[in-house]
> 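Sharing a structure here in structure tokens format.
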Amino acid sequence: MDTRLLKKQMTTAYQYSYVRLVLNYYTLFESIAEEPRVSEHVSDCSTRLNELLSDYYSGKDVLEGVLALREDITRKVEVMTSYADCFQIFEYVLNRLERKFKVMPASSIHDDAFAKRLLEYITGSSETAVMNGRIKEVIGQLPVRLTKQKFFSLVMEGLSVYIGSPMENLKDMMYTLRTESMTRLPKDMDQGYQEFYKLLEQLRSIDYKNMTAESYENAMEDLGTVSEGLTKESGFYVMLQEIVNDFCVLILSGSEAVVDVKEEELYSSVIKEILHNFSKEEDSFGSNEIFLKLTQMEGRQETLYEKYLRIELPQADEEWYLDPFYIKSANVDILLSESSFAELKCLSSKEESEKTEEEVLVDRNSLEKEAGAYLKELEDVFAGSSKQVVRAIMAKVLSDLPVYFGSIDEIQSYITGSLTSCLDEAEKETCKELLEELMDDENKLV
């Protein structure tokens with residue numbers, strides 16, 4: 001890799017990440033100080049981060065420890081995401097029971113007229129991507145009245161678009177389907193998240209067909225409370241990961257970066273002062289000096305990020321993966337991307353070359369093998385779930401799949417069939433209300 005280009009990238013990345021690290025680390029300190037109760041997992045990650053920063057400023061090699069912390073945070077976020085996906089399934093079920101216990105205005109629009117309005121909403125954009133997005137949103141809210149065989153055939157039809165595509169693309173979709181349909185959950189979901197796990201088990205065991213008004217209200221209240229806690233917990237992990245990513249960039253780019261000594265002293269002094277407060281468990285600073293230093297950094301983050309974006313990195317080819325400098329450059333770019341939890345390339349050029357293999361494309365046999373295994377897993381989940389939960393899972397899966405309709409007529413037929421086949425008027429009215437909100441929200445953005 002060109003030495004001058006590498007030095008330019010590393011210098012800009014180092015400067016940008018240092019500024020962002022300082023600002024985000026201060027935000028983390030404030031957020032933890034203001035929070036009455038921080039979970040054991042978040043507290044542990046924060047403590048490990050502080051220890052690594054302290055070791056870094058003591059001159060120790062901490063890259064391995066920082067990468068390990070990054071992996072641990074990623075796994076915790078996977079658990080949080082799994083809980084969120086599960087709770088969305090049960091929220092779908094509970095939303096459609098609301099009108100059984102509350103008196104709410106009914107829709108005055110007949111099924112055929114409403115189906116026509118939905119079709120107009122879907123076709124209201126000339127952009128294919130927008131249309132497909134609207135189709136998936138609508139499918140996710142429509143009533144589901146499908147036999148298991150019909151549902152499985154729709155899944156196969158949706159997945160068939162991957163024939164001829166790289167196998168990695170199909171595997172990514174299968175991962176999404178599995179996590180969002182409760183077929184493959186993390187093994188350690190119950191460890192340290194008893195509040196979340198307890199509610200998940202309660203929601204699984206509810207008899208939704210014979211649910212009472214009291215049990216409905218309790219379930220909705222518990223779901224709201226846990227969802228708020230889940231959002232807060234996930235927010236801390238995202239904040240921690242962004243700090244860890246910038247910390248990684250400092251370590252990876254430091255040896256090649258051209259460093260301004262005065263800027264380095266400014267940034268490190270703020271980090272060390274925050275570290276001191278963390279160690280003393282003090283929730284405020286004794287003077288305004290740190291705030292004056294933070295003021296000096298105003299506008300730098302945006303300026304440096306724009307500068308980094310102007311750097312044109314070379315396109316990779318097979319030989320680049322044998323170049324340790326390219327691996328470092330690529331990882332810095334991944335760490336500064338919008339995907340905070342993206343997997344890094346192997347830092348060992350030997351391991352990277354061993355991982356490189358001929359790209360495999362999906363054919364009919366490999367598709368049927370992958371999809372067949374997933375459908376078997378779904379059958380097991382369906383066997384242990386109520387009819388209401390099965391329908392919720394079906395709706396979620398169908399909305400995740402690539403659009404499988406071949407024409408506007410097929411879309412219209414699906415929408416009309418979905419509405420007319422639902423004989424539960426309370427559920428249908430709720431679906432219409434949610435779809436109305438969906439269309440109204442979209443119109444506000446236009």
Side-chain angles (χ1 to χ4, degrees), residues 81 84-146 151 154-155 158 173 176-177 179-181 216 220 223-224 227-228 230-231 388-405 407-446:
T81 302
D85 291 336
C86 291
F87 290 144
Q88 281 183 8
I89 295 293
F90 294 105
E91 183 182 28
Y92 177 102
V93 174
L94 291 170
N95 281 342
R96 281 147 184 79
L97 292 172
E98 185 177 23
R99 277 180 162 78
K100 290 187 176 181
F101 308 111
K102 294 182 180 180
V103 178
M104 303 177 72
S107 172
S108 59
I109 307 178
H110 189 271
D111 289 352
D112 289 339
F114 193 76
K116 182 181 178 183
R117 186 178 171 198
L118 285 175
L119 195 64
E120 290 172 350
Y121 163 71
I122 289 170
T123 58
S125 173
S126 57
E127 297 181 24
T128 303
V130 175
M131 281 184 61
N132 288 343
R134 290 179 177 180
I135 290 170
K136 295 167 80 168
E137 287 175 339
V138 168
I139 289 174
Q141 296 298 342
L142 282 169
V144 176
R145 294 296 185 273
L146 300 170
F151 169 70
L154 289 176
V155 172
M173 172 52 68
T176 298
L177 294 179
T179 56
E180 297 197 350
S181 59
Y216 169 80
M220 287 297 289
L223 189 58
S227 295
E228 184 179 336
L230 190 60
T231 300
Q388 293 82 1
V389 173
V390 170
R391 289 169 178 170
I393 294 172
M394 286 182 174
K396 184 59 181 171
V397 170
L398 293 175
S399 67
D400 282 335
L401 289 170
V403 174
Y404 44 82
F405 298 106
S407 66
I408 299 297
D409 288 341
E410 285 186 21
I411 300 171
Q412 184 174 23
S413 176
Y414 181 88
I415 293 172
T416 304
S418 177
L419 291 170
T420 56
S421 63
C422 179
L423 303 180
D424 186 335
E425 290 299 323
E427 178 184 350
K428 189 190 297 187
E429 289 297 325
T430 298
C431 291
K432 287 182 178 180
E433 180 187 358
L434 293 170
L435 287 164
E436 287 274 12
E437 291 176 1
L438 178 67
M439 290 186 285
D440 290 342
D441 290 342
E442 182 78 13
N443 289 334
K444 290 175 184 177
L445 298 176
V446 177

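Treat the numbers as computed from the prediction; the structure is a model and nothing was measured. The figures here come from the full heavy-atom set of this structure, side chains too, leaving out hydrogens, waters and symmetry mates.
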> How far does CG of L97 sit from OG1 of T430, to the nearest 0.5 angstrom?
8.5 Å
> Which pair of heavy atoms, one from I109 and one from K432, lies closest together, and at what distance?
O-NZ, 3.0 Å
> Please walk me through it: do R391 and R145 pass side-chain contact (heavy atoms from CB on, under 4.5 Å)?
CA-CA 7 Å; R391 289 169 178 170; R145 294 296 185 273; 3.3 Å; yes
> Go through the structure and list residues passing side-chain contact (heavy atoms from CB on, under 4.5 Å) with V389, not counting sequence neighbours.
I89, F90, V93, M182, Y208, S385, S386, I393
> Can you measure from NZ (K116) to CD1 (I415) and round to the nearest 0.5 angstrom?
13.5 Å
> I need the M394 CE to S181 OG distance, nearest 0.5 Å.
11.5 Å
> Should L154 and L398 count as side-chain neighbours, where that means a heavy-atom distance under 4.5 Å?
yes
> S399: which residues meet the side-chain contact (heavy atoms from CB on, under 4.5 Å) condition with it, sequence neighbours left out?
K396
> Quick one: pull up CD1 in I411 and OG1 in T416 and give me the separation to the nearest 0.5 Å.
11.5 Å
> Please round to the nearest 0.5 Å and tell me the distance separating atom CE of M439 and atom CD1 of I122.
9.5 Å
> Is any side-chain heavy atom of V144 closer than 4.5 Å to one of F151?
no
> Taking side-chain contact (heavy atoms from CB on, under 4.5 Å) as the definition, give me every residue that meets it alongside T176, ordered by chain and number, with sequence neighbours left out.
E180, D400
> Do we get R96 above Y92's six-membered ring, with its NZ or CZ under 6.0 Å from the centre and within 45° of the axis?
yes
> With heavy-atom distances below 4.5 Å as the criterion, would you say the side chains of P143 and L419 are in contact?
yes
> Should E91 and S227 count as side-chain neighbours, where that means a heavy-atom distance under 4.5 Å?
no
> With heavy-atom distances below 4.5 Å as the criterion, would you say the side chains of E137 and Q141 are in contact?
no
> Under the salt bridge (Lys or Arg N to Asp or Glu O under 4.0 Å) definition, can you give me all pairs with a residue in residues 411-425, not counting sequence neighbours?
K100-D424, E425-K428
> Just jot down the ring-ring contact (aromatic ring centres under 6.0 Å, His included) partners of Y414, sequence neighbours excluded, or say none.
F405
> Between atom CG of L177 and atom CG of L401, what is the distance when rounded to the nearest 0.5 Å?
5.5 Å
> Check the surroundings of atom CD in E127: do more than 12 heavy atoms from other residues, nucleotides or ligands lie under 6.0 Å from it?
no
> On a heavy-atom basis, which atom in S421 and which in G417 lie closest, and how many Å separate them?
OG-O, 2.7 Å
> Quick one: does L118's side chain get under 4.5 Å of R134's, heavy atoms only?
no
> Could you pull out all residues at least two apart from E410 that satisfy salt bridge (Lys or Arg N to Asp or Glu O under 4.0 Å)?
none
